[in-house]
Number of protein chains: 2
Amino acid sequence: MITIAVDAMGGDVGLNVTVPASVAFLERQKDVQVVMVGDETQLKQALASANAPMNRISIMHATQVVDMDEDPRSALRHKKDSSMRVAINQVKEGLAQAAVSAGNTGALMATAKFVLKTIDGIERPAIAKFLPALNGGLTCMLDLGANVDCTSDQLVQFAIMGSQLVQAVQPDMTEPRVGLLNIGSEDIKGTQVLKDAYQLLQQTPLNFIGNVEGDDIFAGEVEVIVADGFVGNVALKSIEGAVKMMAQVIKEEFNHSAMSKAQGLIAKPVLGQVKKRIDPRRFNGAIFLGLRGIVVKSHGGTDAVGFNYALQEAYHEAKADILTSIQKGVAAHLAPDQAI
Amino acid sequence: MITIAVDAMGGDVGLNVTVPASVAFLERQKDVQVVMVGDETQLKQALASANAPMNRISIMHATQVVDMDEDPRSALRHKKDSSMRVAINQVKEGLAQAAVSAGNTGALMATAKFVLKTIDGIERPAIAKFLPALNGGLTCMLDLGANVDCTSDQLVQFAIMGSQLVQAVQPDMTEPRVGLLNIGSEDIKGTQVLKDAYQLLQQTPLNFIGNVEGDDIFAGEVEVIVADGFVGNVALKSIEGAVKMMAQVIKEEFNHSAMSKAQGLIAKPVLGQVKKRIDPRRFNGAIFLGLRGIVVKSHGGTDAVGFNYALQEAYHEAKADILTSIQKGVAAHLAPDQAI
């Protein structure tokens with residue numbers, strides 16, 4: 001049985017998203033139980049109206065909620081009984097295998113780092129996400145915003161973590177290809193940090209294939225893409241903007257005239273499939289890597305369908321025991337002679 | 001009459017793209033003449049078979065061509081009679097108002113910088129491009145790859161140049177809104193360079209509205225987006241990758257079955273409109289800003305339709321006399337007391 005601690009109050013909506021998502025999640029995964037963390041009275045009510053399966057749900061009361069725009073340091077100092085922090089505490093104490101929150105990203109990262117601490121050999125945790133590749137596979141991209149400035153050593157640590165994550169959740173993928181996000185394929189491209197990271201990555205046992213560019217992100221030619229948090233975040237948000245723009249253009253063109261509306265009705269089943277394949281909710285759930293515990297961040301504005309995907313992401317990682325994989329990977333890198 | 005110097009040999013294809021594009025361009029713009037720079041014999045043949053209007057075309061022989069993967073320093077040193085360089089020389093000597101090339105970007109920038117020099121007050125030229133906004137407007141984004149590392153002063157210079165460019169080509173846009181590409185809207189976000197640039201931009205007379213994120217690029221809430229060349233390039237290429245991915249998903253879904261193929265046939269006129277609106281060829285033509293002359297870079301792999309758009313971009317900029325605007329903008333910034 002896997003236990004997931006849910007920050008029930010986090011996100012733009014809170015309970016009205018986290019409770020139905022958790023109920024749907026429990027219906028789908030039978031080997032799971034959840035700890036719902038938040039205001040006990042409100043939680044009891046919400047769970048009762050959702051006909052939640054209480055035999056696999058426990059409620060943990062938390063008196064505070066971190067605001068979506070609260071300063072992370074303030075949250076860390078003044079919100080010691082927040083739903084977010086209490087959920088992470090469950091992981092720390094071994095009572096849950098993962099925590100999931102749709103709350104304030106900065107506060108969640110600061111709290112997770114403070115409570116769980118980083119794995120030996122990892123200086124800074126990173127935020128990772130799986131993106132769909134055109135060949136049907138998945139590409140793990142990191143860091144997506146935890147670290148604005150990174151050293152070349154830290155980029156190598158991200159590469160190790162991403163590589164281990166991919167192997168843990170896709171056991172048939174024994175040698176994930178790793179690419180460094182850059183602005184050209186030659187090893188002399190990019191900043192000094194990237195040039196150094198390129199050299200360092202070549203010396204690791206990782207399957208490092210060199211630099212990749214922004215338009216390679218969906219090409220499926222690598223399973224891991226490494227970037228510093230600033231660049232990774234800009235790339236991810238630019239992609240989100242482009243996808244939104246495309247969806248808007250399609251909508252506008254099909255709404256253009258009576259004729260195009262009729263054509264849109266006929267094409268609706270196919271357009272529905274397209275929409276489904278690029279639905280960002282299906283890729284909701286960013287993973288905090290490098291901590292001594294699994295924490296998954298859901299998009300703050302997602303709905304119950306999206307939050308359910310974040311819960312499943314946490315479930316798969318807990319089930320694949322990614323922590324052990326990452327610890328092994330880092331240890332082998334730090335002491336290569338002792339590696340198997 | 002505006003004269004455009006065309007690097008006829010540049011790009012993945014060369015003459016078979018540049019010649020038909022130039023002919024189509026001359027048919028469209030009657031107040032234009034072009035100087036086709038390249039191998040004279042090949043050019044004469046190609047122009048003859050294209051029935052080119054020779055009364056508005058002159059041929060300038062150049063004995064060399066810069067390879068697409070040639071090192072910029074090598075091109076600068078050993079290719080002094082390249083089609084690219086001779087085309088830029090025409091601008092330098094006042095014989096053309098703009099040069100257009102689909103050749104090697106790094107070599108083109110190095111050559112343009114060496115031959116034309118930068119405008120007083122501009123430390124480094126930047127690459128700019130207009131992207132379509134969802135409100136029907138255009139957003140000028142820079143730098144897209146000329147400068148991997150930038151200082152906050154240089155980012156301010158980019159903001160001034162972008163702002164002047166927008167005003168010059170869209171005279172009704174008197175106070176273009178300027179945004180700084182960052183990973184959050186608060187002024188404390190991002191790298192130290194960006195934090196400093198934020199403070200500096202607030203002190204300029206520019207219409208600086210603060211930080212924008214990757215998913216704001218198409219939102220039409222700013223007319224100018226400023227980034228260092230590394231981040232701008234990653235953002236642009238990530239967008240290109242996302243658009244390509246979406247197009248591929250749409251294609252796959254409509255080709256999925258006999259039924260979806262039939263639905264695709266019916267929706268074809270609308271899908272054609274969608275394709276047209278997001279056609280990257282329509283936005284081909286990146287502008288080198290900050291030099292004492294107009295140079296436009298076409299995508300190396302584009303076809304005649306795309307290269308025609310790059311020629312039109314150069315034409316509009318020459319016609320709008322963007323150099324004078326930028327020089328005025330920079331001078332006003334350097335000596336604000338003397339500004340009007």
Side-chain angles (χ1 to χ4, degrees), chain A residues 69 71 106 132-134 145 148-149 181-184 186 189-192 194 213-219 227 229-250 252-254 256-257 259-260 262-264 266-274 277-278, chain B residues 69 106 132-134 145 148-149 181-184 186 188-192 194 213-219 227 229-250 252-254 256 259-260 262-264 266-274 276-278:
Chain A
D69 57 356
D71 182 76
L134 273 172
V148 162
D149 289 303
L181 190 58
N182 205 327
I183 59 169
E186 307 87 347
K189 287 278 181 180
T191 60
Q192 194 56 48
L194 284 174
E213 297 189 69
D215 50 354
D216 297 322
I217 292 174
F218 297 100
F230 187 89
V231 170
N233 189 283
V234 168
L236 185 73
K237 291 212 174 127
S238 299
I239 288 166
E240 287 172 5
V243 169
K244 230 186 283 171
M245 181 270 291
M246 286 276 287
Q248 178 70 19
V249 167
I250 293 171
E252 280 176 20
E253 290 303 327
F254 275 107
H256 192 258
S257 66
M259 176 62 103
S260 64
Q263 290 164 341
I266 292 165
K268 207 173 175 184
V270 185
L271 294 174
Q273 273 302 112
V274 171
R277 274 183 65 183
I278 57 154
Chain B
D69 57 356
L134 274 172
V148 162
D149 287 305
L181 190 58
N182 206 326
I183 59 169
E186 308 87 346
I188 50 127
K189 285 279 181 179
T191 59
Q192 193 55 49
L194 284 173
E213 297 189 69
D215 50 354
D216 296 323
I217 292 174
F218 297 100
F230 188 88
V231 170
N233 189 281
V234 167
L236 185 73
K237 292 215 173 123
S238 299
I239 288 166
E240 287 173 5
V243 169
K244 230 185 285 173
M245 180 270 291
M246 285 277 287
Q248 177 71 20
V249 166
I250 292 170
E252 280 176 21
E253 290 304 327
F254 274 108
H256 192 257
M259 176 62 104
S260 64
Q263 291 164 341
I266 292 166
K268 207 173 175 184
V270 185
L271 294 174
Q273 272 303 111
V274 171
K276 200 174 151 188
R277 275 183 65 184
I278 57 154

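These numbers were taken from a predicted model, which means no experiment stands behind them. Every chain is numbered from 1, with letters handed out A, B, ... down the list of sequences.
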Chain B contacts, top residue of [options] (heavy-atom pairs, under 4.5 Å):
{"options": "Asp216(A), Val249(A), Ile239(A), Thr191(A)", "result": "Val249(A)"}
{"options": "Met245(A), Gln273(A), Glu240(A)", "result": "Met245(A)"}
{"options": "Gly145(A), Ser260(A), Ala235(A), Gly264(A)", "result": "Ala235(A)"}
{"options": "Ile278(A), Ile217(A), Asp149(A)", "result": "Ile278(A)"}
{"options": "Ala262(A), Ala242(A), Ser238(A), Gly241(A)", "result": "Ser238(A)"}

_Heavy-atom pair of closest approach, residues Phe230(B) and Leu181(A)_ =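 Phe230(B) and Leu181(A) have their closest heavy atoms at CZ-O, 3.8 Å.
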*Of all heavy-atom pairs between Ile183(A) and Lys189(A), which one has the smallest distance, and what is that distance?*
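Between these two residues, the closest heavy atoms are O-CD, 4.2 Å.
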*chain A heavy atoms under 4.5 Å from Ile266(B): which part of the residue, side chain, backbone, both or neither?*
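Both the backbone and the side chain of Ile266(B) come within 4.5 Å of chain A.
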*Under a 4.5 Å heavy-atom cut-off, does chain A meet the side chain of Asn182(B), its backbone, both or neither?*
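Both backbone and side chain.
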*asked:* If we define contacts as heavy-atom pairs under 4.5 Å, which of Leu271(B), Asp69(B), Val231(B) has the most with chain A?
replied: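 Heavy-atom pair counts peak at Val231(B).
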*asked:* Please identify, among Gln248(B), Met259(B), Arg277(B), Glu213(B), the residue contributing the most non-hydrogen atom pairs under 4.5 Å to chain A.
replied: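 The candidate making the most pairs under 4.5 Å is Arg277(B).
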_Please classify the contact between Phe218(A) and chain B as side chain, backbone, both or neither, with a heavy-atom cut-off of under 4.5 Å._
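The answer is the side chain of Phe218(A).
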*asked:* Using heavy-atom distances under 4.5 Å, tell me whether Leu194(A) contacts chain B through its side chain, its backbone, both, or neither.
replied: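 Just the side chain, heavy atoms under 4.5 Å.
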*Do you know which of Glu253(B), Glu252(B), His256(B) makes side chain to side chain contact (heavy atoms under 4.5 Å, CB included) with Val270(A)?*
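Between Val270(A) and the candidates, side chain to side chain contact (heavy atoms under 4.5 Å, CB included) is satisfied uniquely by Glu253(B).
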*Partners meeting side chain to side chain donor-acceptor pair (under 3.5 Å) with Asp71(A) (sequence neighbours left out)*: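 Partners of Asp71(A) by the side chain to side chain donor-acceptor pair (under 3.5 Å) criterion, ordered by chain and then number, come out as Arg73(A).
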